[in-house]
Amino acid sequence: MKPHYMITTPIYYVNGAPHVGHAYTSIAADVLARFKRLDGYDVFFLTGTDEHGQKVEQAAQDKGQSAQNFATMVSAQFRNMADQLNISYNDFIRTTEERHVKSCQALWQKIADAGHIYLGAYEGWYSLRDECYYGEDELTTAEDGSKIAPTGAEVKWLKEPSYFFKLSAWQDKLLEFYEQHPHFIGPESRRNELLSFIKSGLRDLSVSRTSFKWGIPVPGDDDHVMYVWFDALTNYISALGYPNIENSDLWRFWPADLHLVGKEISRFHALYWPAFLMAAGLEVPKRIYSHGWWTVEGEKMSKSVGNVIEPLKLVEEFGLDPVRFFLLREVPFGGDGDYSRQALINRMNNELANDLGNLAQRTLSQVMRNCEGKLPEIGQRNQDDEALLSKAILLPILLREQMDRQALHESLETIWKIIRASNAYIDHQAPWTLKKTDLERMNVVLRVLVDTLRIIATCLQPFMPGAMDKLLTQLGVTESERQLSDLETLIPAGRELPAPSGIFPRFIEAE
RNA sequence: GGCGGCGUAGCUCAGUGGUAGAGCAGGGGAAUCAUAAUCCCUUGGUCGGUGGUUCAAAUCCGCCCGUCGCUACCA
């Protein structure tokens with residue numbers, strides 16, 4: 001039986017259109033999912049949209065639409081983006097779906113029955129205009145002594161009934177859990193933040209609202225809707241059939257292996273979610289990994305500055321695989337990064353077109369011309385040949401370890417080292433000279449290059465599925481020979497290769 | 001304010017006690033199979049400052065400066 005692996009993106013909030021940050025999370029998750037499949041795992045890759053809450057209600061109202069219609073429209077945009085980006089999700093869940101509503105209510109009931117939810121009152125400084133509460137330290141005091149919100153709105157001390165989750169009771173259990181699972185949160189810096197947050201003392205969490213209606217009703221109390229995070233986080237088990245886990249074929253994927261999230265929502269996943277699950281007697285996910293944020297040409301991305309990068313426009317101009325590559329190559333995964341047009345073009349031209357694309361082209365065109373377009377015999381290899389191949393064949397082993405740490409940039413760097421070594425190899429061996437002096441040796445060299453390229457292309461499939469499909473076809477690798485495990489078997493000599501054509505054209509800036 | 005991260009070549013960063021590294025950018029050369037792509041060599045840093053521990057510190061400790069993040073219910 002195949003080992004299984006469950007990976008998720010956050011469900012995206014539908015109060016605005018998708019931007020490059022959403023695309024980034026999805027692409028990274030997709031690479032990890034595809035890598036695990038490549039490595040023989042049975043993968044469940046979940047994504048979707050988060051559709052409840054006051055902001056959606058408000059955004060819909062501004063457009064004169066019902067919340068449901070508005071959410072459906074924006075959700076479709078996210079789904080379209082995922083499809084355009086070639087995201088290989090197994091399920092796309094929406095929090096307005098019946099299966100999710102039932103799942104949330106069941107989870108709530110389970111936690112309530114276990115005595116971890118109680119009815120209390122939430123109080124604080126509330127701004128009627130901003131429709132939200134502010135903390136004491138965010139407020140300024142006006143001349144007449146009244147309190148003013150950061151937005152300039154007036155605030156009043158308000159008290160509303162609310163259900164609370166007994167988060168404070170879980171403080172010690174959570175700390176114990178983090179100590180027993182040092183790799184539960186990544187990267188390391190997020191773990192430190194979270195630990196210091198918990199150690200400063202946990203308060204009970206308000207998990208229902210009465211101030212708006214667009215949400216999942218609390219079981220047995222229709223005046224309340226669930227706190228959006230309780231609603232949103234539950235999606236991960238809704239998709240697996242919760243609460244009907246006895247009859248669900250998918251429940252075997254729980255606990256999830258990885259929740260990939262943006263750093264801004266690290267705490268919700270690493271703290272509240274485990275607490276909810278523990279309270280419900282369910283297993284806790286194995287790992288939460290937070291990636292960083294993108295700036296644009298050195299500036300923070302914002303609607304008012306007008307520098308928001310729309311992923312589909314990037315794809316339209318540069319092509320999908322170069323964009324996927326750039327996003328994962330440019331920045332250490334887990335840290336923040338900067339998008340710049342020039343940096344993208346440099347990566348495209350230097351690394352895709354020159355290093356890899358040209359390597360494939362120069363190798364394959366010689367095979368085509370000098371080997372009658374057929375894969376040469378393996379022949380008698382010398383030390384140089386073995387040196388290159390032995391490094392290349394280690395790639396899957398190195399990649400497995402890196403992918404399990406979500407060190408996607410390291411994987412690409414590791415692969416690029418082999419690509420550079422291959423370019424050095426072809427120059428030093430100079431098969432174009434051997435053609436005149438030693439045909440047998442020329443065949444060996446070209447064969448070494450084709451075999452090395454096959455390993456490279458196989459390993460790069462998760463990052464650039466479209467381009468690598470094309471390259472593998474040119475290398476004579478059939479679709480049933482593209483798993484990591486297939487690398488153990490060499491392609492038989494004599495196989496006819498199709499005529500090569502460029503995989504990564506250089507990008508020339510229009511005048 | 002408290003806690004934590006970071007500060008290494010022009011740029012982006014790797015390097016956690018023992019003669020300063022990579023990629024890109026810059027300079028010189030080789031080659032001509034290839035998407036004028038590639039390969040080889042090379043310029044360049046008193047590793048933020050300062051005091052200390054040590055035979056030896058970018059690497060450990062103190063202080064200072066700069067910068068960034070977290071500091072709860074507004075995704």
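Quick note on labels: first sequence line is chain A, next is B, and so on, each numbered from 1. Below, each value reflects all heavy atoms present in this structure, side chains not excepted, and no hydrogens, waters or symmetry copies.
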Could you give the side-chain donor-acceptor pairs of residues 414-425 of chain A under 3.5 Å, partners two or more places apart or in another chain?
residue   : atom : partner   : partner atom : Å
Thr414(A) : OG1  : Gln402(A) : NE2          : 3.0
Thr414(A) : OG1  : Glu410(A) : O            : 2.7
Trp416(A) : NE1  : Glu351(A) : O            : 3.4
Ser422(A) : OG   : Ile418(A) : O            : 2.8
Asn423(A) : OD1  : Arg362(A) : NH1          : 3.0
Asn423(A) : ND2  : Asp355(A) : O            : 3.1
Tyr425(A) : OH   : Asp385(A) : OD1          : 2.6

Any residue meeting ring-ring contact (aromatic ring centres under 6.0 Å, His included) with His100(A), in chain and number order, not counting sequence neighbours: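 Partners of His100(A) by the ring-ring contact (aromatic ring centres under 6.0 Å, His included) criterion come out as none, since no residue qualifies.
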
Expected output: side-chain Asn192(A) to main-chain Ser189(A) donor-acceptor under 3.5 Å: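 The answer is no, because no donor-acceptor pair under 3.5 Å joins these two groups.
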
Phosphate-side-chain proximity, Arg267(A) and U71(B), N/O vs OP1/OP2 below 4.0 Å: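 Answer yes for this pair, as a side-chain N or O of Arg267(A) is under 4.0 Å from OP1 or OP2.
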
Phosphate OP1/OP2 of C40(B) contacted by Tyr425(A) side-chain N/O (<4.0 Å):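 The answer is no; no side-chain N or O of Tyr425(A) sits under 4.0 Å from OP1 or OP2.
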
Partner of His224(A) by ring pair (Phe, Tyr, Trp, His ring centres under 6.0 Å), out of Phe164(A), Phe212(A), Tyr163(A):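 Exactly one pass, corresponding to Tyr163(A).
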
Selection from U35(B), A72(B), C40(B) that lies nearest to any side-chain heavy atom of His428(A):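 Nearest to the side chain of His428(A) among the choices is C40(B).
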
For atom CZ of Arg506(A) and atom C1' of U38(B), their distance in whole Å: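 Rounded to whole Å, this separation is 12 Å.
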
Derivation and outcome, side chain to side chain donor-acceptor pair (under 3.5 Å), residues Gln54(A) and Arg209(A): CA-CA 10 Å; Gln54(A) 193 167 13; Arg209(A) 297 287 185 277; over 6 Å; no

Let's test this: given Watson-Crick or G-U wobble pairing with both distances under 3.5 Å, identify the partner of [N].
N: U12(B); answer: A22(B)
N: G1(B); answer: U71(B)
N: C47(B); answer: none
N: A58(B); answer: none

Partner set under salt bridge (Lys or Arg N to Asp or Glu O under 4.0 Å) for Asp404(A), not counting sequence neighbours: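 Here the qualifying residues are Lys36(A).
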
Ignoring hydrogens and angles, write down the donor-acceptor pairs under 3.5 Å from the side chains of residues 431-438 of chain A, residues two or more places apart or on other chains.
residue   : atom : partner   : partner atom : Å
Thr437(A) : OG1  : Thr433(A) : O            : 3.4
Asp438(A) : OD1  : Glu440(A) : N            : 3.4
Asp438(A) : OD1  : Arg441(A) : N            : 3.1

What does the list of N/O pairs under 3.5 Å between the protein and nucleotides 66-69 of chain B look like, with a distance for each?
residue : atom : partner   : partner atom : Å
G69(B)  : O2'  : Arg190(A) : NH2          : 3.3
G69(B)  : O2'  : Glu193(A) : OE2          : 2.7

Donor-acceptor pair (no angle test) under 3.5 Å: Asn354(A) side chain, A37(B) base: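 Answer is no: no donor-acceptor pair is held.
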
Plane angle bin for His22(A) and His19(A) - parallel if under 30°, tilted between 30 and 60°, otherwise perpendicular: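 Tilted, since the angle between the ring planes falls between 30° and 60°.
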
All N/O contacts under 3.5 Å from nucleotides 27-33 of chain B to the protein, with atom names and distances to one decimal?
residue : atom : partner   : partner atom : Å
C33(B)  : O3'  : Arg369(A) : NH2          : 3.4
C33(B)  : O2   : Arg362(A) : NE           : 3.3
C33(B)  : O2   : Gln366(A) : NE2          : 3.1
C33(B)  : N3   : Arg362(A) : NE           : 3.4
C33(B)  : N3   : Arg362(A) : NH2          : 2.6
C33(B)  : N4   : Arg362(A) : NH2          : 3.0

G48(B) to C68(B) separation - C1' atoms, rounded to the nearest Å: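 One C1' to the other, the span is 15 Å.
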
